[in-house]
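What's counted below: heavy atoms across the whole structure, side chains too, no hydrogens, waters or symmetry copies.
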Amino acid sequence: MTGSAPTASFTADDYRARMERAARAAADAGLAGLLVAPGPDLVWLTGYAPTAATERLTLLVLAAGRDPVLVVPTLEAPDAEKAVGAPALTLRDWTDGKDPYAATAALLDGSGRFGVSDNAWAIHLLALQRTLPDTSYAALTEALPMLRAVKDTAELELLTAAGAAADAAFEEIRKVPFGGRRESDVAADLAGLLRRFGHSQVDFTIVASGPNGANPHHEVGDRVIGDGDMIVLDFGGLKDGYGSDTSRTVHVGAPTDEERRVHDLVREAQEAGFGAVRPGVACQEVDRAARAVIAGAGYGEYFIHRTGHGIGVTTHEPPYMIEGEEQLLVPGMCFSVEPGVYLPGRFGVRIEDIVTVTEDGGRRLNDTTREMVIVE
């Protein structure tokens with residue numbers, strides 16, 4: 001889930017604006033600047049996604065009032081120069097045998113506090129600390145948790161397209177046989193369908209049948225799906241650099257009254273969570289709305305995870321729909337609404353849509369049926 005370079009028509013000016021906004025946000029947060037290692041933040045800010053993160057230092061340095069600088073190994077500089085955002089920054093390359101930390105230190109306030117992307121390697125950060133012992137650092141998602149949270153029009157279009165592709169995959173997977181096949185077989189079908197409908201990266205294909213459905217993050221295995229099984233499907237990845245993530249719960253053959261009742265309950269909770277989405281509402285209110293429905297029916301102890309997470313150039317990112325998160329919803333935010341009920345040793349149910357905040361409410365990016373689907 002580290003992200004890949006978008007193939008959409010973002011321009012160098014788009015990336016320049018993002019870097020300027022990030023630098024201003026850092027200054028407003030009392031930071032001397034941002035240090036961004038290869039990963040989703042670097043992709044979002046520059047369009048550059050190194051083919052592989054290595055022990056050689058690559059680091060974007062952003063500070064308000066200064067031109068962005070990308071410190072990059074000389075042997076990787078030609079690829080960096082091809083990034084769409086490269087014209088908006090200065091490349092400073094270094095060769096093997098030279099000290100990249102000294103070169104980077106020359107760009108930094110020697111006593112400043114910097115936001116650092118979460119996936120920066122410890123070896124690089126510790127080397128910078130040794131070079132500049134008076135500097136200090138904060139994780140980027142703690143210092144600027146909303147940096148990538150509000151999507152622009154082009155990003156919303158990409159997320160909408162990714163959601164539609166995941167929906168198309170569900171419409172196809174519901175047609176294939178489930179009974180008598182292994183979970184891993186169905187998961188492979190799902191991965192193939194995501195790719196068929198345009199995903200370049202498949203992050204997860206959860207197929208949790210029968211009692212395995214009570215594990216929200218079940219790893220698919222060789223369990224053979226049988227008649228009467230409830231099956232939680234949760235799948236997503238990246239299409240054109242932006243994420244999809246949806247969950248539906250299907251059933252092999254006719255469900256029991258209890259299975260149908262629990263499924264209807266989760267569907268009602270998901271609708272309540274979606275109904276709470278509007279500008280100015282705290283993230284935790286989405287969680288509260290969905291959780292109240294499930295708790296009110298006596299299943300509160302079986303809803304064991306947050307109601308949602310953000311999505312963008314990764315399939316999981318801030319903001320989070322969870323009790324205690326007081327960040328207010330803003331138009332353009334995108335996140336999942338995915339309540340669930342998990343009955344140990346028996347079955348589970350989860351229904352998930354990606355939702356974006358509009359000017360007066362919310363809009364779903366997934367449109368497949370939320371009714372229970374019967375499969376063979």
Heavy-atom donor-acceptor pair, [X] side chain to [Y] backbone, under 3.5 Å:
{"X": "Ser244", "Y": "Gly237", "answer": "yes"}
{"X": "Thr135", "Y": "Leu132", "answer": "yes"}
{"X": "Asp287", "Y": "Gln284", "answer": "no"}
{"X": "Glu172", "Y": "Ala169", "answer": "no"}
{"X": "Asn366", "Y": "Thr246", "answer": "no"}
{"X": "Gln327", "Y": "Ala282", "answer": "no"}

Could you go step by step and tell me if Thr11 and Asp13 meet the side chain to side chain donor-acceptor pair (under 3.5 Å) rule?
CA-CA 5 Å; Thr11 68; Asp13 286 340; 4.9 Å; no
In terms of heavy-atom contacts, does [atom1] of [X] have more than 12 from other residues, nucleotides or ligands at under 6.0 Å?
{"X": "Asp257", "atom1": "CG", "result": "no"}
{"X": "Tyr137", "atom1": "OH", "result": "yes"}
{"X": "Glu219", "atom1": "CD", "result": "no"}
{"X": "Arg16", "atom1": "CZ", "result": "yes"}

Can you list the residues that meet the ring-ring contact (aromatic ring centres under 6.0 Å, His included) rule with Tyr342, with sequence neighbours excluded?
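By the ring-ring contact (aromatic ring centres under 6.0 Å, His included) rule, Tyr342 matches His305.
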Using the ring-ring contact (aromatic ring centres under 6.0 Å, His included) criterion, which residues pair with His309? Sequence neighbours excluded.
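Checked His309 against ring-ring contact (aromatic ring centres under 6.0 Å, His included); matches are His316.
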I'd like a table of donor-acceptor pairs (distance under 3.5 Å, sequence neighbours excluded) in which one partner is a side-chain atom from residues 145-162, with atom names and distances.
unit_1 : atom_1 : unit_2 : atom_2 : d
Arg148 : NH1    : Asp41  : OD1    : 2.4
Arg148 : NH2    : Glu317 : OE1    : 2.6
Lys151 : NZ     : Arg148 : O      : 2.8
Lys151 : NZ     : Ala149 : O      : 3.4
Lys151 : NZ     : Ile311 : O      : 2.9
Lys151 : NZ     : Glu317 : OE2    : 3.0
Asp152 : OD1    : Ala154 : N      : 3.2
Asp152 : OD1    : Glu155 : N      : 2.8
Glu155 : OE1    : Asp152 : N      : 3.1
Glu155 : OE2    : Trp44  : NE1    : 2.9
Glu155 : OE2    : Tyr242 : OH     : 2.6
Thr160 : OG1    : Leu156 : O      : 2.7

Going by atom types only, do Thr315 and Asp203 share a side-chain donor-acceptor pair under 3.5 Å?
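Side-chain D/A pair, Thr315 to Asp203: present.
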Is it true that the side chains of Asp109 and Ser111 contain a donor and an acceptor less than 3.5 Å apart?
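A pair is found: one side chain offers a donor N or O, the other an acceptor, under 3.5 Å apart.
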Those residues that, when tested against Glu376, pass side chain to side chain donor-acceptor pair (under 3.5 Å) (two or more places apart)
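Residues passing side chain to side chain donor-acceptor pair (under 3.5 Å) with Glu376: none at all.
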Are [X] and [Y] close enough that some pair of their side-chain heavy atoms sits under 4.5 Å apart?
{"X": "Asn212", "Y": "Arg223", "result": "yes"}
{"X": "Tyr48", "Y": "Pro38", "result": "no"}
{"X": "Trp121", "Y": "Leu125", "result": "no"}
{"X": "Glu285", "Y": "Met321", "result": "no"}
{"X": "Asp245", "Y": "Glu352", "result": "yes"}
{"X": "Ile173", "Y": "Val186", "result": "yes"}
{"X": "Pro50", "Y": "Asp79", "result": "no"}
{"X": "Trp94", "Y": "Pro73", "result": "yes"}

Less than 4.0 angstrom from a charged side-chain N to a carboxylate O is my criterion; do Arg56 and Glu76 meet it?
no
Does Arg248 pair with Asp353 as a salt bridge, N-O distance under 4.0 Å?
yes
Can you tell me which residue pairs pass the salt bridge (Lys or Arg N to Asp or Glu O under 4.0 Å) test with a partner in residues 177-198, sequence neighbours excluded?
Arg181-Asp189, Arg182-Asp185, Arg182-Asp222
Sequence neighbours left out, what pairs pass salt bridge (Lys or Arg N to Asp or Glu O under 4.0 Å) with at least one residue falling in residues 322-351?
Asp234-Arg350, Glu258-Arg346, Arg288-Glu323, Glu338-Arg350
Is the NZ or CZ atom of Arg291 both under 6.0 Å from the centre of the six-membered ring of Phe303 and within 45° of that ring's axis?
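Relative to the ring axis of Phe303, which defines the angle, Arg291 lies inside both limits.
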Both conditions, 6.0 Å and 45 degrees, for the charged tip of Arg364 above the ring of Phe274: are they met here?
yes
Can you get from Phe170 to Phe178 by hopping between Ile, Leu, Val, Met, Phe, Trp and Tyr side chains that sit under 4.5 Å apart?
yes
Are Val71 and Leu91 connected in a single hydrophobic cluster, I mean Ile/Leu/Val/Met/Phe/Trp/Tyr linked by side-chain heavy atoms less than 4.5 Å apart?
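No, Leu91 and Val71 fall in different hydrophobic clusters.
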OH of Tyr320 to CD1 of Ile322: how many Å apart, nearest 0.5 Å?
11.5 Å
Might you work through the side-chain contact (heavy atoms from CB on, under 4.5 Å) test for Leu34 and Leu140, ending with a clear yes or no?
CA-CA 8 Å; Leu34 301 179; Leu140 197 54; 3.6 Å; yes
